[in-house]
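Comments concern the structure below.
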Amino acid sequence: MTRLSTPARADAEALDRDDTLRGLRERFDLPAGVRYFDGNSLGALPASVAPAVATAVSDQWGTGLVRSWNDPWIDLPARAAGKIARLIGADGNDVAVTDSVSVNLFKLLSAALRLRPGRDVIVVDGGEFPTDLYVAQGLCEGPNALARLRRLDDGADWAASLAKMDDVAVFCVSHASYRTGALADMQALTAAAHAAGALVLWDLSHTAGAIEVDLAGCDVDFAVGCGYKYLNGGPGAPAFLYVAPRWQAEAWNPIQGWLGHADFFAFEGTYRPAPDVSRFHCGTWPILSMTALDAALDAFDRVEMAALRSKALALGDLFLQCIEPLRVAHDLEVITPVDHRRRGGMIALRHVEGYAVMQALIDRGIVGDFRPPDIMRFGLAPLYQRYVDAWDAAATLAEVLTTRAWDTPAYQSRQRVT
Ligand SMILES: *Cc1c(COP(=O)(O)O)cnc(C)c1O
C-alpha cells in the first residue's frame, strides 16, 4: 500500500462513476440498506430468478405436468453447464451440473483412485474445507476403505511435499482457501501433481464466478464447484463437476444411478455408463433449484471474467486501504494475501472478538460472515458491489472497533449459522 492518506468517500463515488461494470448491479434484487459481503457464502438474488422459478412452478409443472420433462427440463443441466463452462475455462461438454460439492467430491475421488491402480493415497491439506476432508476420510475408513488419507500440515509447501511422494493417486485442493482467501497456483500445482504421478481434483467453490479459471489450459484432471456462492444459484443450488476429456470414457462413477446410464429411458437391467461426462449424474435433478441456478447464471451474460476480476481486486484494494489505520490500533490482522496473484475472491481479517464484531457489522447493514476461531470474511462480488459499499464497510468497521460497539452480550451469543 503506497497510498499515504485514507481514501475519502468521494474517492469511492468517483470510482463508481467510472466503473464500466456498474450497470450489472441492476441484474440483482438487493434489499435496501444492506451492503452485502457474503456472496462467498450465499450469492445475492439475481432479478431473473423469481420469474423463472414462477414459470417453472405454474406453467411447466402446473400446466405442462410430465410433458415438461421433454421441454424444457431434460436440457436444463446441460444448459446450465454451458454457462458455467465459459467461466471456468472449460467446454460445456466437459461439465455436469449435478448433486452437491460433497457428493461430487465422493464421485470424482473414487474415479481418480480407480484411474491410478497401484497408488492408494489421497492427499488433502489439513486446513482444507471440512467437507473435502470428511469425504476423503470416509473413503479411507472402515472395512471397505478404498484408500489412505494423507493430510498435509496446514500451510505446507504442497508442490515440494508431492515431489517426495510416489504413492499418491489424487491430490484434492481448493483453488482459493475458504478461510484465508489465498489463491493457489493452479498451473504449477497441477504440473507438480502430474510430475509425482498423481491426478488432481480442484475445488472451485471459492473461485468459480469470482476469478478467471482455466481448467483446460492448466491441464486439470477433475474439478468440482459450488452453485450457491459466487454463481448466485440460491440456497442449496446444484453444484457442478468437470472431467477432462481424456478421462471421460474411463472415469467410473461409484454412484451408478439411472440418469448416468447411456440410455436412461431404455430401462435396461444392467448399468452402462454414458460415454461422456453425463455418466456423473445419478438421480433425478432438482428442477426448481436447477431452474433458479440456470436463470441466475444469466447475470454473467456478456460479462468477461477478466473484467470482473479486475474490479474485485480494486474493491479489495480500496477496502484494504481504508482499514489500514485500524490494523495496528485494533490488532486487526489481514490474512488474505495483498499480492493480486495470490488473492482469492474475499478479504479475511482476524480479530480476537471477530464474532461479536461481525454481529455488530451485520446489525449496521454490513453483511459478511465469521469462521472460527476468529476470522471475519468479506466476500467481493463485483457483479453487484459498488466501491462505496467497500468504503462503507471499512468505515462501519472503524466505528465498531473504535466505539467498542461489539462489546455487548447481544453480539457475543453464537447462532447456529455464523
Ligand atoms: C462451500 C464449499 C463446499 C460446499 O459443499 P456442498 O456439499 O455443496 O454444500 C465444498 N467445498 C468447499 C471448499 C466449499 O467452500
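All ligand and atom numbering here is 1-based and tracks the order in the structure.
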Could you go through ligand 1 and note, for every N or O atom, any protein N or O atom closer than 3.5 angstrom, writing the atom names and distance to 0.1 Å, or 'none'?
residue, atom, partner, partner atom, Å
ligand 1, 7 (O), Ser102, N, 2.9
ligand 1, 7 (O), Ser102, OG, 2.5
ligand 1, 8 (O), Val101, N, 2.9
ligand 1, 9 (O), Tyr228, OH, 2.8
ligand 1, 11 (N), Asp132, OD1, 3.0
ligand 1, 11 (N), Asp203, OD2, 2.9
ligand 1, 15 (O), His206, NE2, 3.2
ligand 1, 15 (O), Lys229, NZ, 2.5

Would you call the rings of [X] and [Y] parallel, tilted or perpendicular, where under 30° means parallel and over 60° means perpendicular?
X: Trp285; Y: Trp69; result: tilted
X: Trp258; Y: Phe265; result: tilted
X: His206; Y: Tyr178; result: tilted

Open item on the list: Could you check whether any side-chain N or O of Arg371 sits under 3.5 Å from a backbone N or O of Ala348, counting only pairs where one atom can act as donor and the other as acceptor?
Closed with: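 No.
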Open item on the list: Under a 3.5 Å distance rule, please check whether Arg114 uses its side chain to pair with a backbone N or O of Asn253 as donor and acceptor.
Closed with: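 Not confirmed, Arg114 side chain does not pair with Asn253 backbone.
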Task: Straight-line distance of Asp16 CG to Gln385 CD, nearest 0.5 Å - done: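 Asp16 CG to Gln385 CD: 10.5 Å, rounded to 0.5 Å.
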